Amino acid sequence: MNIQMLVEAWLAMGANKLRTFLTMLGMMIGVGAVVLMLAIGQGAQYVVDQSIASMGSNLFIILSGSTTSGGMRMGSGASPSLTVADADALAELPDIAAVAPASPDSAQVVYGASNWSTRIYGTTSAYLEVRDWHLSAGTPFTDSDVRAATRVALLGQTVVDNLFGDENPVNKTIRIKQSPYLVVGVLAAKGQSLDGRDQDDTILVPITTAQRKLFGNQFQGAVRFIMAQARSADVMDAAERSMNELLRQRHHIPPGGDDDFSIRNLTALANTAADATRAMSAMLGAIASISLLVGGIGIMNIMLVSVTERTREIGIRIAIGARQKDILLQFLLEAIIISIAGCTVGVVLGIAGAIIINQMADTAVVITGSSVIMAFMVASAVGIFFGFYPARKAARLKPIDALRYQ
Amino acid sequence: MTAPVIHIERLHKNYETAAGSVPVLKGIDLSINAGEFVAIMGPSGSGKSTFMNILGCLDEPTTGRYLLNGSDVRSLNGDALARLRNQVIGFVFQGFNLLPRADLASNVALPLLYCNEKKHARLMRAHAMLDRVGLGQHASAHPNEISGGQQQRVAIARALINHPKLILADEPTGNLDTKTGDEIMSLFKQLNQEDGITIVLVTHEPDIALYAHRLVKFVDGLITYDGAVMAAHT
Ligand SMILES: Nc1ncnc2c1ncn2[C@@H]1O[C@H](COP(=O)(O)OP(=O)(O)OP(=O)(O)O)[C@@H](O)[C@H]1O
Ligand SMILES: [Mg+2]
């Protein structure tokens, strides 16, 4: 190939600037839309991946109450059938790494002049292990705190922000339902959960403290749910079976009787959510690609007009020795330059749009190098594909017909 | 004597139109040797341009043989024909056929674009050729900024740039006044005499034909005279 051919293609495009610009515009909008949609899709995926990572791995949640009862769906957690003793028994299973019972409830929390309403989880120190949750300050409460039902609390970051501001909360005393609790530690920030809740808007207290002192409980030792972590991803199914067996046995459920609990594989649910997000972002990309296609058709349209308009020029070139492939290349180059130039501007527009969305709305928008490269490659492919037909039409003109064209 | 540059046997050309097949050339036999200067004359519509286009490999005969430079044109593929148009033939048109957007130097250099000449060499040669036709100082002008005679000189420079063996000119002075036409013809004469380039030229003007050595007359698709140029015949 020849630099001069590039120059000629450039000049030809410069000869009709408005038309060239309008042709590029289609490409710009197409590529901009693809880049933006991919950014939004990948942003959503990033959020989901983030919440999955913050959830903890190989996780089950066991809820009180059965999912179905005599054909009727019951609300999970309806009747408290699970107990702390169940949790202890589950922890003994070989496939289970850690188990934490939990009883959540809402309460008003006060520190000095500030107060905040949050969700308070009564649980054990194993909860941190199961959820893969670290402390950013202080120490966790211990098994002896659980045994003695001491008034100690671990605060989520959102609670700290709202009650303490910049003050260090460790070893300060907060009041929950008028009773004083000693803050022993602060939970590291985890961000959003899969269902969009702020996981850091929480307080953990020993389960015994919650049951006996904070909320009271009509059934001694009952818990709302139990979280269990399997030893590895491979034993998830086996772990689910053995937990089911054990709980049925402990709850004296006869063969064929309905479970009075339900076990949910959170990791599987999370993967389903991740798949759904992936599908959504793929669909966004696909929809945006349609505009790229329309842009490509615009290029073809203009190139066809250009070939017709320049028939005589083509005739002259052939008469002085241009080969078919020279003419083909000339028009193909024009199409490619238009699509790549349009694409470059489109990428810039897409990125600018993503940044604006990022700042205006509070959603994560992620631009990856691969999506930009992909947009580029698709745009050049579109340019070549839609430029090829007009270019071939030009190249196949018979010299005498092209020269005679008025 | 070497093989003729152009050798044509029983050449026919029909145009396919909506009204049917129209015979335009009806059996042409003609040989032109290297170094000849041939004028073709004949009434309007007698098939002169049709014939020239076939000579220039811009159009194909319906039947008959055409040997250019010894090789049968019919047996050549597209790229080989393009090479002939690029290296062996220089075409000069009545309407000049310059590219309006390109400056004169680029117009003259255009054939070199299709034979892989380097950019620097292309422009050097284009300028040298423009000098030769007396337009060296206008190299960066555009075709619409110069006169018709000057445009035809540019077209001749373009035809000459690849040192062709053969120049085909279809009414090159048809759009020019007598004085300018004579200047162009002097240039052709010089190319024929000094460079030994074979020239075939179509004209309606007897004065122009006088520059040639041989006259071929077309009437209604047939050659009716082929011989010396004499005032009587023109
Ligand atoms: N593309 C075409 N399709 C159909 N008929 C054509 C075509 N080109 C030329 N003709 C016809 O062929 C005949 C010869 O045309 P040609 O252009 O060769 O004549 P000419 O001798 O060059 O005439 P002039 O002196 O006016 O230039 C004319 O009758 C013309 O109408
Ligand atoms: Mg003619």
Side-chain angles (χ1 to χ4, degrees), chain A residues 1-20 302-303 305-334 337-338 391-406, chain B residues 13 15 49-50 52-60 77-103 106-123 142-143 155 157-162 164 168 170:
Chain A
M1 197 180 78
N2 209 306
I3 298 293
Q4 186 62 25
M5 295 215 157
L6 272 175
V7 174
E8 295 220 357
W10 187 253
L11 288 177
M13 286 160 31
N16 205 330
K17 291 192 183 63
L18 179 64
R19 194 162 77 186
T20 305
I302 292 301
M303 292 304 297
V305 172
S306 171
V307 166
T308 308
E309 259 183 8
R310 287 154 68 193
T311 301
R312 210 177 159 76
E313 174 195 326
I314 295 165
I316 295 171
R317 288 176 184 273
I318 296 174
I320 60 166
R323 289 156 296 188
Q324 280 202 357
K325 64 172 177 235
D326 295 320
I327 304 291
L328 186 80
L329 192 65
Q330 181 187 344
F331 282 90
L332 213 48
L333 268 179
E334 271 185 52
I337 290 176
I338 287 179
R392 199 188 58 167
K393 193 179 166 206
R396 290 201 173 168
L397 282 172
K398 283 208 182 314
I400 191 61
D401 295 339
L403 270 174
R404 279 217 196 94
Y405 186 84
Q406 291 305 316
Chain B
K13 176 70 182 177
Y15 282 118
S49 293
T50 304
M52 291 294 273
N53 291 333
I54 291 172
L55 289 189
C57 302
L58 299 174
D59 204 355
E60 294 164 349
N77 65 17
D79 279 5
L81 288 175
R83 238 182 101 79
L84 279 179
R85 290 192 286 261
N86 189 243
Q87 319 254 311
V88 178
I89 304 167
F91 222 111
V92 179
F93 305 90
Q94 178 175 1
F96 320 134
N97 275 341
L98 300 175
L99 295 186
R101 278 198 313 269
D103 63 20
S106 307
N107 262 292
V108 173
L110 203 57
L112 300 176
L113 186 60
Y114 301 117
C115 60
N116 295 325
E117 184 74 291
K118 291 273 175 292
K119 182 181 169 118
H120 183 66
R122 279 204 306 266
L123 287 179
H142 283 75
R158 183 180 65 188
L160 289 175
I161 190 99
N162 253 340
L168 301 172
D170 192 355

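Here is the naming used below: chain letters follow the sequence lines, and residue numbers restart at 1 for every chain. Model, not experiment: these values are computed from the prediction. All values below come from the heavy atoms of this structure, side chains included, with hydrogens, waters and symmetry mates left out.
Partners of B:Gln94 by side chain to side chain donor-acceptor pair (under 3.5 Å), not counting sequence neighbours, listed by chain and number: B:Asn175. In this view, B:Phe91 and B:Phe93 satisfy the ring-ring contact (aromatic ring centres under 6.0 Å, His included) rule, not counting sequence neighbours.
Put simply, of B:Lys118, B:Lys119, B:Arg101, the one with the most heavy-atom pairs under 4.5 Å next to chain A is B:Arg101.
Close approach to chain B, defined as a heavy atom under 4.5 Å from one of its heavy atoms, is seen in A:Glu313, A:Ile316, A:Arg317, A:Ile318, A:Ala319, A:Ile320 of residues 313-320 of chain A, taken by number.
Across all non-hydrogen atoms, the minimal contact from B:Ala82 to A:Ala322 is CB-O, 3.8 Å. Taking every heavy atom of both residues into account, A:Pro399 and B:Arg85 meet most closely at CG-NH1, 4.1 Å.
Pairs engaging residues 395-405 of chain A under the side-chain hydrogen bond (donor to acceptor under 3.5 Å, both in side chains) rule: A:Arg404-B:Tyr15 [sequence neighbours left out].
The distance from the CG atom of B:Leu99 to the CZ atom of A:Arg310 is 9.5 Å, given to the nearest 0.5 Å.
There is no contact between B:Leu84 and chain A, counting heavy-atom distances below 4.5 Å. Interface residue B:Asn53: only side-chain heavy atoms are found under 4.5 Å from chain A.
Other residues, nucleotides and ligands place no more than 12 heavy atoms under 6.0 Å from the CZ atom of B:Arg83.
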CA sep, side-chain torsions, deciding dist, call: B:Asn86, A:Arg323, side-chain contact (heavy atoms from CB on, under 4.5 Å): CA-CA 9 Å; B:Asn86 189 243; A:Arg323 289 156 296 188; over 6 Å; no
